[in-house]
Protein chains: 2
Amino acid sequence: MARSGVPPSGGGGDKAVRADARRNRASILEAAEAVFAEQGASASTEAVAAHAGVAIGTVFRHFPTKPDLLQAVVMNLLDRLITEVDAMVENQGAVTALFEFCTRVMAVSARNRAVLARLAETGVQVRVGDALTRLRPAIDVLLERAQKAGTVRGDLLPTELVALLAALCQGALTDAWSEPFRQRMLTLLFDGIRPTARR
Amino acid sequence: MARSGVPPSGGGGDKAVRADARRNRASILEAAEAVFAEQGASASTEAVAAHAGVAIGTVFRHFPTKPDLLQAVVMNLLDRLITEVDAMVENQGAVTALFEFCTRVMAVSARNRAVLARLAETGVQVRVGDALTRLRPAIDVLLERAQKAGTVRGDLLPTELVALLAALCQGALTDAWSEPFRQRMLTLLFDGIRPTARR
DNA sequence: TTGCGAAAATGAGTATGACTCATTATTTAT
DNA sequence: ATAAATAATGAGTCATACTCATTTTCGCAA
């Protein structure tokens, strides 16, 4: 699947993107998030264009199809969440434990449930897993540290942890898990991850 | 949310549903499943009508909106899966263990991934959790039996088990987990569910 | 500053597909 | 057989995703 948006220049950090183009792209994304959050993903592209203060053709120049636009909105949102979590990990430094980390990931994604659910409702792929992949560096470190400390079973692969965490986040999103319930689910997950059960 | 389809008679098992209506409803559902599986959920209602050999108005009589139709297709499919699993449990009698049961639920839902994913892709709510709720009787029995036997922690509520299992099924569907990976995920889940860890 | 080529924006127009409804056909009960 | 009720029909309406010829804006160099 090709990364949507930005028709010109396929590569990484090509220059020569006109200022107005960048500005409009940003406005459109912002407008789209607001409009979709309010009216659901079935809101018309015209509405988005109007809200962003551009003509409809401009929207389609940046995001050739409506799914592309929706996808971009989700990506943008998840990116921000990821950044937020990443910052938290940085700030906490070596102290942040794996459990704490998972708790935060779930909390952060659950906080934006309104928008995300609204989008998912009307057919957007909200792939938490894909987003989590961008946290892999942090996850790798935390997991290895936990395994060295003996608080997590040694045969657990990062991929597996990501899959489980993604599944729980997804569940929390679609089924609107409450904060205590999320905590409980994590506890259950971790008691299965621990090498020695104490109960 | 009201059960979609069947506009006349809201109650349980009212009679007085004309034979042709029942026949057409079935054809439409069957046709819809085939068409959506092949072309994705964005296939036109006209295509479904054509495939079912009815006029487009008939489709809309039975399923007032397109989401209604999609939802009905999913319900129908999940219902069949549930029935299948239920039958398995019956046949195995008291021998079927909880782990075995979960394995089967996941296998059965994964088998229909093609259709379900195709639908989910274009915005249908595939709520595995809702479907699982219909298995509650079986689940309650299996869980209690397991708890009495001491193979599962005593404080685990049926609701929690359903949530976890649903989350895993959902993950298996959206991320196309392989058979061994599904097994591994269940193992991890169960080691967290066990009262005494042995490893 | 001004001129120019390239990139971007515009928005009326097109195509498609969801949904309606007046009319016609079928079913069921008497 | 007949009538009343229910269902099926499908041409037409309307909303909206998407196109493209034209106009505007940008960025750069002389």
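A, B, ... follow the sequence lines: proteins, then strands. Residue 1 opens every chain. None of these values were measured; they are calculated from a predicted model.
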- [ ] Classify the side chain of A/R18 and the base of C/dA7 as holding, or not holding, a donor-acceptor pair under 3.5 Å.
- [x]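 Under the 3.5 Å cut-off, the side chain and the base do form a donor-acceptor pair.
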TODO: Hey, which sits more toward the 5' end of DNA chain C by its nearest nucleotide, B/S44 or B/R23?
DONE: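 The 5'-side residue here is B/S44.
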Task: 5′-ward residue of the pair B/A19/B/I56 relative to DNA chain C - done: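 The answer here is B/I56.
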Taking the minimum atom-to-atom distance to the side chain of [X], which one of [options] wins?
{"X": "B/A21", "options": "D/dA7, D/dT9, C/dA9", "result": "D/dA7"}
{"X": "B/R61", "options": "D/dA8, C/dA9, D/dT19", "result": "D/dA8"}
{"X": "B/A55", "options": "C/dA18, C/dG11, D/dT9", "result": "D/dT9"}

- [ ] Identify, with sequence neighbours excluded, every residue that meets side chain to side chain donor-acceptor pair (under 3.5 Å) alongside B/D175.
- [x]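 Scan of B/D175 (side chain to side chain donor-acceptor pair (under 3.5 Å), adjacent residues dropped) gives A/R127.
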Can you tell me the distance, in whole Å, between the [atom1] atom of [X] and the [atom2] atom of [N]?
{"X": "B/F63", "N": "D/dA7", "atom1": "CZ", "atom2": "P", "value": "13 Å"}
{"X": "A/D20", "N": "D/dT24", "atom1": "CG", "atom2": "P", "value": "15 Å"}
{"X": "B/R25", "N": "C/dT27", "atom1": "CZ", "atom2": "P", "value": "19 Å"}
{"X": "B/E46", "N": "C/dG17", "atom1": "CD", "atom2": "P", "value": "9 Å"}
{"X": "A/R22", "N": "C/dA9", "atom1": "CZ", "atom2": "C1'", "value": "16 Å"}
{"X": "B/K66", "N": "D/dC14", "atom1": "NZ", "atom2": "C1'", "value": "17 Å"}
{"X": "A/I28", "N": "C/dA8", "atom1": "CD1", "atom2": "P", "value": "12 Å"}
{"X": "A/D68", "N": "D/dT19", "atom1": "CG", "atom2": "P", "value": "11 Å"}

Task: OP1 or OP2 of C/dA8 under 4.0 Å from side-chain N/O of A/H62 - done: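 No, because none of the side-chain N or O atoms of A/H62 sits under 4.0 Å from OP1 or OP2 of C/dA8.
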Task: A/N24 side chain near C/dA8 phosphate (N/O to OP1/OP2, under 4.0 Å) - done: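 Indeed not, no polar side-chain atom of A/N24 lies that close.
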Open item on the list: Less than 4.0 angstrom from a charged side-chain N to a carboxylate O is my criterion; do A/E144 and A/K148 meet it?
Closed with: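 Result for this pair is yes, salt bridge flagged.
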Open item on the list: My understanding is that only residues two or more places apart in sequence, or in another chain, count here; which of them pass salt bridge (Lys or Arg N to Asp or Glu O under 4.0 Å) with A/R136?
Closed with: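 Here the qualifying residues are A/D140.
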Task: Donor-acceptor side-chain pairing of B/T65 and B/D68 below 3.5 angstrom - done: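 There is such a pair (donor and acceptor under 3.5 Å, judged by atom type) between the side chains of B/T65 and B/D68.
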- [ ] Answer with base, sugar-phosphate or nothing: what part of the nucleic acid does B/T45 contact at a heavy-atom distance below 4.0 Å?
- [x]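 It contacts sugar-phosphate atoms only.
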- [ ] Looking at every strand, decide which applies to A/A49 at a 4.0 Å heavy-atom threshold: base, sugar-phosphate, or nothing.
- [x]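 Counting heavy atoms under 4.0 Å across all strands, no contact is made by A/A49.
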- [ ] Could you tell me the separation between the CD atom of B/E160 and the CZ atom of A/F181, rounded to the nearest 0.5 Å?
- [x]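 Answer for the CD-CZ pair, B/E160 versus A/F181, is 5.5 Å.
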